[in-house]
Amino acid sequence: MVILGWGGWFILKKFVPEMNLGWYPYLPATFLVLGLLLTTVLEKVDKTNQRKLVNIYMLLKMSKLAVVLAFILAYYVLVKVNMKLFLLVFAVYYLLYLLLEFYAFYITEKKIKQSK
């Protein structure tokens, strides 16, 4: 995520400087921290109780959504510049993050099934 984020920042800065956002470096960092927290919590959860695992996973997803909405609200309240552009870039990062997260969990589940 960091590589994608900083690569995107370089591309925007180099080729489309009018689309460069001041808060841009915080976007990949936010998603990196969210991903690390999600995986850390899921590693420490008791995996024998499937119902509890699903509940914790859904709680983490809702928490992540709350953090994302708080980040967007903070940008709107504090900066108020290029809001449409910010939302577009943020949405692209969120989709990339979801794809990478899905892929990581898919590989993990595949390994668990192979080990059984």
Side-chain angles (χ1 to χ4, degrees):
M1 195 65 196
V2 171
I3 292 170
L4 287 173
W6 289 46
W9 183 40
F10 174 76
I11 290 170
L12 280 179
K13 195 172 183 176
K14 180 108 173 144
F15 299 109
V16 194
E18 64 273 2
M19 290 182 68
N20 195 14
L21 300 167
W23 277 33
Y24 189 93
Y26 298 110
L27 293 176
T30 300
F31 287 112
L32 176 66
V33 169
L34 287 173
L36 290 174
L37 285 173
L38 185 99
T39 54
T40 302
V41 169
L42 286 177
E43 280 181 2
K44 295 180 188 250
V45 171
D46 179 27
K47 292 173 184 61
T48 58
N49 186 350
Q50 292 296 319
R51 178 173 254 165
K52 184 177 179 181
L53 182 64
V54 169
N55 286 341
I56 289 176
Y57 179 74
M58 293 307 290
L59 179 66
L60 289 170
K61 289 299 232 178
M62 290 304 295
S63 299
K64 181 174 64 171
L65 185 60
V67 169
V68 165
L69 291 175
F71 192 89
I72 291 171
L73 182 64
Y75 184 85
Y76 177 73
V77 169
L78 297 174
V79 180
K80 295 182 184 176
V81 178
N82 291 334
M83 195 60 193
K84 288 182 183 179
L85 175 63
F86 176 77
L87 288 174
L88 176 68
V89 172
F90 202 91
V92 168
Y93 270 109
Y94 194 73
L95 289 174
L96 282 172
Y97 176 75
L98 287 177
L99 288 171
L100 290 172
E101 184 181 64
F102 169 77
Y103 182 69
F105 285 124
Y106 173 75
I107 289 174
T108 303
E109 287 296 320
K110 194 174 176 180
K111 285 182 182 179
I112 290 171
K113 286 182 181 181
Q114 285 177 353
S115 67
K116 288 183 179 182

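Residue numbers run from 1 in the order of the sequence given.
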Q: Check the hydrophobic clustering (I, L, V, M, F, W, Y; side-chain heavy atoms under 4.5 Å; chains of links allowed) and say if Leu60 and Val45 are grouped together.
A: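 Yes, Leu60 and Val45 fall within the same hydrophobic cluster.
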
Q: Do Leu65 and Tyr93 sit in the same hydrophobic cluster, where Ile, Leu, Val, Met, Phe, Trp and Tyr count as joined when their side-chain heavy atoms come under 4.5 Å apart?
A: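 Yes; Tyr93 is reachable from Leu65 via cluster members.
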
Q: Per the salt bridge (charged side-chain N to carboxylate O under 4.0 Å, His left out) rule, what does the pair list look like for residues 26-36, sequence neighbours excluded?
A: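 Counting only pairs at least two positions apart or across chains, no salt bridge (charged side-chain N to carboxylate O under 4.0 Å, His left out) contact touches residues 26-36.
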
Q: Would you say Leu38 ends up clustered with Val41 if hydrophobic residues are merged whenever their side chains have heavy atoms under 4.5 Å apart, either directly or through other cluster members?
A: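 In one cluster with Val41: Leu38, yes.
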
Q: Indicate if Leu95 and Tyr97 have the same hydrophobic cluster label, given that clusters are the connected sets of ILVMFWY residues with side-chain heavy-atom separations under 4.5 angstrom.
A: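 As far as the 4.5 Å side-chain criterion goes, Tyr97 and Leu95 are not connected within one cluster.
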
Q: Spell out, yes or no, whether Met62 and Val54 are grouped together once hydrophobic residues are joined by side-chain heavy atoms under 4.5 Å, including indirect joins.
A: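 Different hydrophobic clusters.
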
Q: Report the residues that fulfil side chain to side chain contact (heavy atoms under 4.5 Å, CB included) with Leu98, sequence neighbours left out, ordered by chain and then residue number.
A: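 Partners of Leu98 by the side chain to side chain contact (heavy atoms under 4.5 Å, CB included) criterion, ordered by chain and then number, come out as Lys61, Lys64, Tyr94, Glu101.
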
Q: Could you tell me which residues satisfy side chain to side chain contact (heavy atoms under 4.5 Å, CB included) with Lys110, sequence neighbours excluded, listed by chain and number?
A: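 Only Tyr106, Gln114 meet the side chain to side chain contact (heavy atoms under 4.5 Å, CB included) criterion with Lys110.
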
Q: Nearest 0.5 angstrom please: Leu78 CG to Leu73 CG, how far?
A: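 Between atom CG of Leu78 and atom CG of Leu73 there are 8.5 Å.
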
Q: Would you say the ring centers of Tyr75 and Phe90 fall short of 6.0 Å from each other?
A: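 Judged by ring-centre distance (under 6.0 Å), Tyr75 and Phe90 do not meet the cut-off.
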
Q: Grab the two heavy atoms, one from Thr39 and one from Leu36, that are nearest each other, plus how far apart they are.
A: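 What the structure gives for the nearest pair is OG1-O, 3.1 Å.
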
Q: Just so I know, are the side chains of Leu34 and Val68 near enough to count as touching, which here means a heavy-atom distance under 4.5 Å?
A: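 Leu34 reaches Val68 side chain to side chain.
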
